[in-house]
Amino acid sequence: MARKIIIDTDPGIDDAMAIFFAFQAPEIEVLGLTTTFGNVPVALATQNAITLTEIAKVDVPVAQGVAVPFEIAPRPHPDFVHGADGFGNINWPAPKGKAIDKDAAQFIVDTVRKYPGEVTIVALGPLGNLAKALELDPEVASLVDEVVLMGGTAIEYGNVSPVAEANIMNDPHAADAVFTAPWQVTMIGLDVTHQVLLDNSVLDRIRQKNPEEGGFLYDCAQHYINFYSSRFDMDGCYFHDASTIAYVMDPSIFGVELGAVRVACEGIGIGQTIFAPQGMEFPTPYWNDVPMTQVCMEVDSEKLLNLFETTLS
């Protein structure tokens, strides 16, 4: 049985890797893409999501979602990482298709209601659409199979502040709502994605076997790899969003720890995912009665990259 997923996304170069990965995986059935602001404005994220469905030649609905954070002022889009177009400034032509006329949060609620207990939400960007779905229909949390999100960090340094990861920092109030809702959340954050280095040799082999998707990813990724290599003295890029798809396909690649996660929503630590390990008690009540999140702390990097390469080849 293929696992049914909705991908909530702000494409983004690493989002494109994740989405093509999911489209090619026989273990996964993508029910739809929902879009959010993040790497790019939401209208461009929607256009980019449609582009990815057209390159992959899959008929998957795209629903546009939130344009701004729940409470804080929007942060600038990181065009120095993903390019102004979200795809590394490769000037790809605009897609022919259009988004459906249903809002992303409503699409999430309706799809989960249609397949109760069967849908996994894979979130690759800020979490406003998931938080809005919880507001629209609080019962939806009990009907979702799992929420697998790329975001946050438990003990690794942040990437937009010493303690905060970008997706969570972009909408901390939405993220806190998602981590404290009564559904199973699995957090794939910088603790594991910083352990996996994707380089051009992998992308080149995929390109040779799968010229359309692989060629597109290779071209996009050059801007992304240049960003990482110029800042971190590394020959490649970290493997962020696509790690979620690997987890959905084969959770055994990751080692998880259980704990309650709360998100700092103001002050110097805004965006921090504060992890209270299961079994530890604290005098402050913030983590009391919060559901246990599965926080990925270990990863088999070689197995992960091999799964990515073989699936896309």
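If you're wondering where the values come from, they're calculated on a predicted model, not measured in any experiment. The analysis underlying the following values was restricted to heavy atoms, covering all of them including side chains, and did not include hydrogens, waters or symmetry mates.
- Checking side-chain atoms of His240 against main-chain N and O of Thr193 turns up no donor-acceptor pair under 3.5 Å.
- Inter-residue side-chain proximity for Phe23 and Val30 is flagged as met; some heavy-atom pair is nearer than 4.5 Å.
- In this structure, Thr311 contributes its side chain and Phe308 its backbone to no donor-acceptor pair below 3.5 Å.
- Taking both residues in full, the closest heavy atoms of Phe70 and Gly128 are given as CE1-O, 3.7 Å, listed atom of the first, atom of the second, then distance.
- The closest side-chain heavy-atom distance from Ile225 to Leu203 is below 4.5 Å.
- Between Ala154 and Val295, the closest heavy-atom pair is CB-CG1, 4.1 Å.
- For Glu213 and Arg207, the salt-bridge test fails: no basic side-chain N is under 4.0 Å from an acidic carboxylate O.
- Shortest non-hydrogen contact noted between Ile90 and Cys220 is CD1-SG, 3.8 Å.
- A distance-only check finds no donor-acceptor pair linking the side chain of Asn129 to the backbone of Gly65 [under 3.5 Å].
- Scanning both residues, Leu190 and Tyr157, for their nearest heavy atoms gives CD1-O, 3.5 Å.
- Listed for the His82 side chain is no donor-acceptor partner under 3.5 Å among the backbone atoms of Gly12.
- Taking the six-membered ring where the residue is Trp, Tyr224 and Tyr228 present perpendicular rings, their angle passing 60° and hence far from 30°.
- Tested against Lys132 for a salt bridge (Lys or Arg N to Asp or Glu O under 4.0 Å), the candidates Asp8, Asp137, Asp103 yield a single pass: Asp103.
- Side-chain contact between Ser243 and Val192 is absent, with no heavy atoms from C-beta onward closer than 4.5 Å.
- In this structure the side chain of Leu258 never reaches within 4.5 angstrom of the side chain of Pro277, judged on heavy atoms.
- Counting heavy atoms of neighbouring residues, nucleotides and ligands inside a 6.0 Å radius, atom CG of Asn288 exceeds 12 of them.
- Considering only heavy atoms from C-beta on, Leu217 comes within 4.5 Å of Phe20 through its side chain.
- Side chain of Ser142 to backbone of Glu139: a donor-acceptor contact under 3.5 angstrom is found.
- Atom OG1 of residue Thr34 and atom CD1 of residue Ile100 lie 9.5 Å apart, to the nearest 0.5 angstrom.
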> Are Val160 and Arg75 close enough, and set up right, to give a side chain to side chain contact (heavy atoms under 4.5 Å, CB included), and what steps lead you there?
Replying inline: CA-CA 11 Å; Val160 286; Arg75 291 162 42 81; 3.5 Å; yes
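- Contact record, Pro172 with Ala264: CB-O, 3.7 Å, taken as the closest heavy-atom pair.
- Checking each of Pro126, Cys265, Pro74 against Asp171 for a side chain to side chain contact (heavy atoms under 4.5 Å, CB included) leaves exactly one that passes, namely Pro126.
- With values rounded to the nearest 0.5 angstrom, Phe37 atom CZ is found 8.0 Å from His77 atom NE2.
- Closest of all the heavy-atom pairs between Val62 and Ala49 is CG1-CB, 3.9 Å.
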>> Walk me through whether Gln222 and Asn200 qualify under side-chain hydrogen bond (donor to acceptor under 3.5 Å, both in side chains).
In response: CA-CA 8 Å; Gln222 299 317 301; Asn200 269 329; 2.9 Å; yes
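- Here the side chains of Arg113 and Thr111 are not in contact, with every heavy-atom distance at 4.5 Å or above.
- Here the NZ atom belonging to Lys209 is positioned 9.5 Å from the OG1 atom belonging to Thr310, to the nearest 0.5 angstrom.
- With Glu54 contributing its side chain and Gly97 its backbone, the two residues share a donor-acceptor pair below 3.5 Å.
- Of the options Asp79, Asp241, Asp15, a side chain to side chain donor-acceptor pair (under 3.5 Å) to Asn39 is made by Asp15 and by none of the others.
- Under the 3.5 Å distance criterion, with hydrogens and angles disregarded, a donor-acceptor pair is assigned to the side chains of Thr186 and Glu146.
- No donor-acceptor distance shorter than 3.5 angstrom exists from the side chain of Glu135 to the backbone of Ala131, with no hydrogens or angles considered.
- Hydrophobic cluster membership of Ile274, counting Ile, Leu, Val, Met, Phe, Trp and Tyr whose side-chain heavy atoms lie under 4.5 Å apart directly or via other members: Tyr286, Trp287.
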> What's the verdict on side-chain hydrogen bond (donor to acceptor under 3.5 Å, both in side chains) for Thr36 and Asp10, showing C-alpha distance, side-chain angles and the deciding distance?
Replying inline: CA-CA 5 Å; Thr36 174; Asp10 57 336; over 6 Å; no
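- For the atom pair CZ of Phe21 and OG1 of Thr244, the computed distance is 8.5 Å after rounding to the nearest 0.5 Å.
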>> Is there a salt bridge (charged side-chain N to carboxylate O under 4.0 Å, His left out) between Glu118 and Arg3? Walk through the geometry before answering.
In response: CA-CA 8 Å; Glu118 293 184 49; Arg3 193 165 173 187; over 6 Å; no
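- Side-chain atoms of Asn89 come within 3.5 Å of backbone N or O of Ala84 as a donor-acceptor pair.
- Using modelled atom types, one side-chain atom of Gln195 and one backbone atom of Asp191 make a donor-acceptor pair closer than 3.5 Å.
- Residues Asn306 and Glu302 have side chains that never bring a donor and an acceptor to within less than 3.5 angstrom of each other.
- When atom types are taken as modelled, the side chain of Asp85 and the backbone of Gly88 share a donor-acceptor pair closer than 3.5 angstrom.
- One finds a salt bridge joining Glu309 and Arg205 here, because a Lys/Arg side-chain nitrogen approaches an Asp/Glu carboxylate oxygen to under 4.0 Å.
- Annotation for Glu212: atom CD does not count as buried by contact number, only 12 or fewer foreign heavy atoms lying within 6.0 Å.
- Atoms NZ and CG, from Lys102 and Asp110 in turn, are 3.5 Å apart once rounded to the nearest 0.5 Å.
- Using a 4.5 Å heavy-atom threshold, the side chains of Leu197 and Phe239 count as separate.
- Looking only at side-chain heavy atoms (C-beta outward), Ile121 and Val148 stay at 4.5 Å or farther from each other.
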>> Could you walk me through whether Asn48 and Trp92 satisfy the side chain to side chain contact (heavy atoms under 4.5 Å, CB included) test, starting with their C-alpha distance in whole Å, then the side-chain angles of each, then the deciding distance to 0.1 Å, before giving a yes or no?
In response: CA-CA 10 Å; Asn48 287 352; Trp92 198 263; over 6 Å; no
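- A cation-pi arrangement is present between Lys4 and Tyr115, with the terminal nitrogen or guanidinium carbon under 6.0 Å from the aromatic centre and inside a 45° cone about the axis.
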